[in-house]
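Down below is the structure, laid out as structure tokens.
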Amino acid sequence: MNPEPPPALQDDGLDWLREIRRNITAEFDHDPHRLGEKLREMEKLPQYAGRIVRVKKVLVPVIQD
């Protein structure tokens, strides 16, 4: 009787995606800060301008009676 493998070891068909993500993070030595810096730089490029959604944060005053 073999127990079922843990969820992380089951074949869910997403190994191809995990490999892509590993390759992308490897370019930045798996450092999330360096990856974030690169993504912020890319946001400034004209070809990505239409993809960025910016939400204006608005503070609403609390009205006390």
Side-chain angles (χ1 to χ4, degrees):
M1 182 168 108
N2 291 335
E4 190 173 324
L9 299 178
Q10 292 178 353
D11 183 19
D12 57 5
L14 295 176
D15 289 335
W16 62 273
L17 178 60
R18 290 185 186 97
E19 182 65 25
I20 292 170
R21 292 173 72 181
R22 275 191 292 272
N23 291 339
I24 291 171
T25 61
E27 292 178 31
F28 302 96
D29 297 322
H30 306 287
D31 183 353
H33 297 287
R34 287 183 53 202
L35 178 58
E37 288 173 6
K38 178 63 175 180
L39 293 174
R40 283 186 289 279
E41 288 175 17
M42 289 177 66
E43 284 180 351
K44 297 175 184 175
L45 297 175
Q47 67 261 33
Y48 299 115
R51 296 181 182 186
I52 307 300
V53 176
R54 305 231 186 258
V55 178
K56 186 176 181 181
K57 295 182 180 179
V58 179
L59 293 177
V60 179
V62 175
I63 301 173
Q64 296 179 349
D65 292 325

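Position 1 is the first residue of the sequence; numbering continues from there.
- Sorted by first and then second residue, the side chain to side chain donor-acceptor pair (under 3.5 Å) pairs involving residues 35-53 (not counting sequence neighbours) form an empty list.
- For residues 23-33, every residue pair satisfying the side chain to side chain donor-acceptor pair (under 3.5 Å) rule, not counting sequence neighbours, is listed here: Thr25-His30, Asp29-Arg34.
- Every side-chain contact (heavy atoms from CB on, under 4.5 Å) that Leu14 has, sequence neighbours left out, goes to Asp12, Trp16, Arg18.
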